[in-house]
Amino acid sequence: MQIDASSPVMVTGATGYVAGWIVKYLLEAGVTVHAPVRDPGNADKLHYLNRIAESTPGTIKYFKADLLSEGSYADAMAGCSIVFHTASPFRLGVADPQKELIDPALLGTRNVLEEANRTSSVQRVVLTSSCVAIYGDSADLAQTPNGVFTEEIWNTTSSIVHQPYSFSKTVAEKEAWKIVGAQARWRLVVINPSLVLGPGISPHGTSASFDLVRQFGDGTFKMGVPDMHLGAVDVRDLSRAHIAAAYLPDAEGRHIVSGHNTTFTEMAGTLIDKYGKDYPIPRRAMPKWLTWLMAPVVNKDITRKMVSRNMGLPWIADNSKSKRALGMTYRPLEESMTDFFQQMIDSGAFGEG
Ligand code: NAP
């Protein structure tokens, strides 16, 4: 696939886990990347991106913008042919879901896409949605045709009180389809990743992906992991999917980008041979009744409804469109997990750095 480096592109959330790799691949291809960030003066936060920019042919330019500040993406978007909209908070334990999740996801998408309407150079917007815009709970699989999640399906069961992060991604993606449908100049291509794993450009990421994998090594799950079935994808593979979505002329619609239908137990199992001697890697799944009883006591964000409708239930998604339309190949789960875990050890996440 040919990356056209002749015009600049904009990447929202460039300081984030997923966007970091997208920016890296763009800079390696010689692209000029416009990076609107909340705090362009925060040298620590931009350090890892700047280091990549120093050793690659591309250029990165920072702008100040906020998802909640209307019109703030105008300067960054000016002259760009492609907009990657990745910025959206991925956090599970929030006090105020409306303010901390739904507003930045929904109003942010509206803000960025309405700016695309006003910016005549924009030809394509690649939106980072999620598999959680496709399903709410694993239990929803029982209602899906053939018991497989596909791009045809939408999450109908999440709400502000039940799975608010999933709800935020669903309403944001719906809004994006509404906005693109009202005009004809630019095209929307949507990426729906499952849980993202693998090393960050910055080893100190704040995405919930880091929190989860850290817990496989810090003793949180030493009695066993919840029997959770889910999809997983490597952050490097996912970033390649975004690049393909941006530059393949025929890319269109939604894409499930998920390398593996897996479980927490299987994910932890990939770490046992290499790290099991030195870290309390979980070796078994907790019985569902015990998870149901204990989860809200240990972590108030994991409700009994969430346990009932997810633990021990299968999760199967069809990733064939991503392979067919975006040319995706997926690296082994073990590689994503060990590269991620090793990065955490090296950066002192478990206290030895
Ligand atoms: P992340 O590391 O937390 O990145 C989120 C980015 O959004 C950060 O750059 C953050 O900027 C920015 N952001 C948050 N609120 C903002 C605001 N009000 N104004 C401007 N920027 C704001 O999370 P991630 O895991 O990379 O997630 C990136 C995207 O992938 C999200 O759309 C997420 O929903 C999606 N996704 C992630 C996963 C996963 O497993 N990680 C799975 C499926 C989909 P600051 O640096 O300023 O905080």
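Read the numbers this way: they start at 1 and go in the same order the structure lists the ligands and their atoms. Any value given below was found using the heavy atoms of this structure, including those in side chains, with hydrogens, waters and symmetry copies removed.
Taking every non-hydrogen atom of Ser130 and a distance limit under 4.0 Å, the qualifying atoms of ligand 1 come out as 43 (C), 44 (C). Numbered from 1 in the order shown, with element, the atoms of ligand 1 that lie under 4.0 Å from a heavy atom of Ser209 read 39 (C), 40 (O), 41 (N). Atoms of ligand 1 lying under 4.0 Å from any heavy atom of Gly13, numbered from 1 in the order shown and given with element: 9 (O). Those atoms of ligand 1 that come under 4.0 Å of a heavy atom in Thr128, given as number and element, are 29 (C), 30 (O), 32 (O), 35 (C). The ligand atoms of ligand 1 that sit less than 4.0 angstrom from a heavy atom of Ser194 are 42 (C), 43 (C). In summary, the atoms of ligand 1 found under 4.0 Å from a heavy atom of Leu195, numbered by their order in the structure, are 40 (O). Within ligand 1, the atoms closer than 4.0 Å to a non-hydrogen atom of Lys169 are 31 (C), 32 (O), 33 (C), 34 (O), numbered from 1 in the order shown.
The single protein non-hydrogen atom nearest to atom 26 (O) of ligand 1 is Val18 N, 2.8 Å, given as residue, atom name and distance. What sits closest to atom 12 (C) of ligand 1 on the protein, heavy atoms only, is Ala87 CB, 3.9 Å. Atom 10 (C) of ligand 1 has as its closest protein heavy atom Arg38 NH2, 4.0 Å. Taking atom 18 (N) of ligand 1 as the reference point, the nearest protein heavy-atom neighbour is Asp66 OD1, 3.2 Å. Counting only heavy atoms of the protein, atom 11 (O) of ligand 1 lies nearest to Thr15 OG1, 3.5 Å. In terms of protein heavy atoms, atom 3 (O) of ligand 1 is closest to Ser207 CA, 3.9 Å. For atom 29 (C) of ligand 1, the closest non-hydrogen atom on the protein side is Thr86 O, 3.2 Å. Nearest protein heavy-atom neighbour of atom 44 (C) of ligand 1: Ser129 O, 3.3 Å.
Using a 30° and 60° split on the angle between ring planes, Tyr275 and Tyr279 fall in the perpendicular class, above 60°. The aromatic rings of Phe264 and Phe216 stand perpendicular to each other, their planes meeting at an angle above 60°, with 30° marking the opposite boundary. Using a 30° and 60° split on the angle between ring planes, Phe340 and Phe210 fall in the perpendicular class, above 60°.
Residue contact annotation: Ser69 has no non-hydrogen atom under 4.0 Å from ligand 1. Remark: distances from the non-hydrogen atoms of Arg91 to ligand 1 are all 4.0 Å or more.
Residue-to-ligand polar distances keep Pro104 apart from ligand 1: every N/O pair is separated by 3.5 Å or more. Considering both main-chain and side-chain atoms, Leu67 comes within under 3.5 Å of ligand 1 through a nitrogen or oxygen pair. When only interatomic distances are considered, the shortest N/O to N/O separation between Ala65 and ligand 1 does not fall below 3.5 Å. When only interatomic distances are considered, the shortest N/O to N/O separation between Val196 and ligand 1 falls below 3.5 Å. Distances between N or O atoms of Tyr17 and those of ligand 1 include at least one value under 3.5 Å.
With no hydrogens or angles considered, no side-chain donor-acceptor pair links Gln163 and Asn155 at under 3.5 Å. Side-chain contact of His85 with Thr12: a donor-acceptor pair under 3.5 Å is present, judged by distance alone. Inspection of the Thr157 and Asp140 side chains reveals an N or O donor paired with an N or O acceptor under 3.5 Å. A side-chain N or O of Ser258 and one of Ser194 form a donor-acceptor pair less than 3.5 Å apart.
Cluster annotation: Val31 and Ile22 are assigned to the same hydrophobic cluster (Ile/Leu/Val/Met/Phe/Trp/Tyr, side-chain heavy-atom contacts under 4.5 Å, transitive).
At a heavy-atom cutoff of 4.0 Å, ligand 1 is contacted by no atom of Ala19, backbone or side chain. The proximity of Ala105 to ligand 1, defined as any non-hydrogen pair under 4.0 Å, does not occur for either the backbone or the side chain.
Counting heavy atoms from C-beta outward, Gln98 and Asp103 have side chains that approach closer than 4.5 Å. Inter-residue side-chain proximity for Thr144 and Tyr135 is flagged as unmet; no heavy-atom pair is nearer than 4.5 Å.
By the neighbour-count criterion of 12 heavy atoms within 6.0 Å, atom NZ of Lys321 is densely surrounded, having more than that number from other residues, nucleotides or ligands. Annotation: Asn146, atom CG; neighbour count of heavy atoms from other residues, nucleotides and ligands within 6.0 Å does not exceed 12.
Atom 7 (O) of ligand 1 has its nearest heavy-atom neighbour, among Gly16, Ala14, Ser88, in Ser88. Considering each of Tyr73, Phe90, Tyr165, the one bringing a non-hydrogen atom nearest atom 36 (N) of ligand 1 is Tyr165.
Residues Phe63 and His34 bring their aromatic ring centres within 6.0 Å.
Side-chain N or O atoms of Asn111 include one that pairs as donor or acceptor with a backbone N or O of Gly71 at under 3.5 Å.
Remark: Arg254 is not positioned above the aromatic ring of Trp177, lacking an NZ or CZ atom under 6.0 angstrom from the ring centre and at most 45 degrees off the axis.
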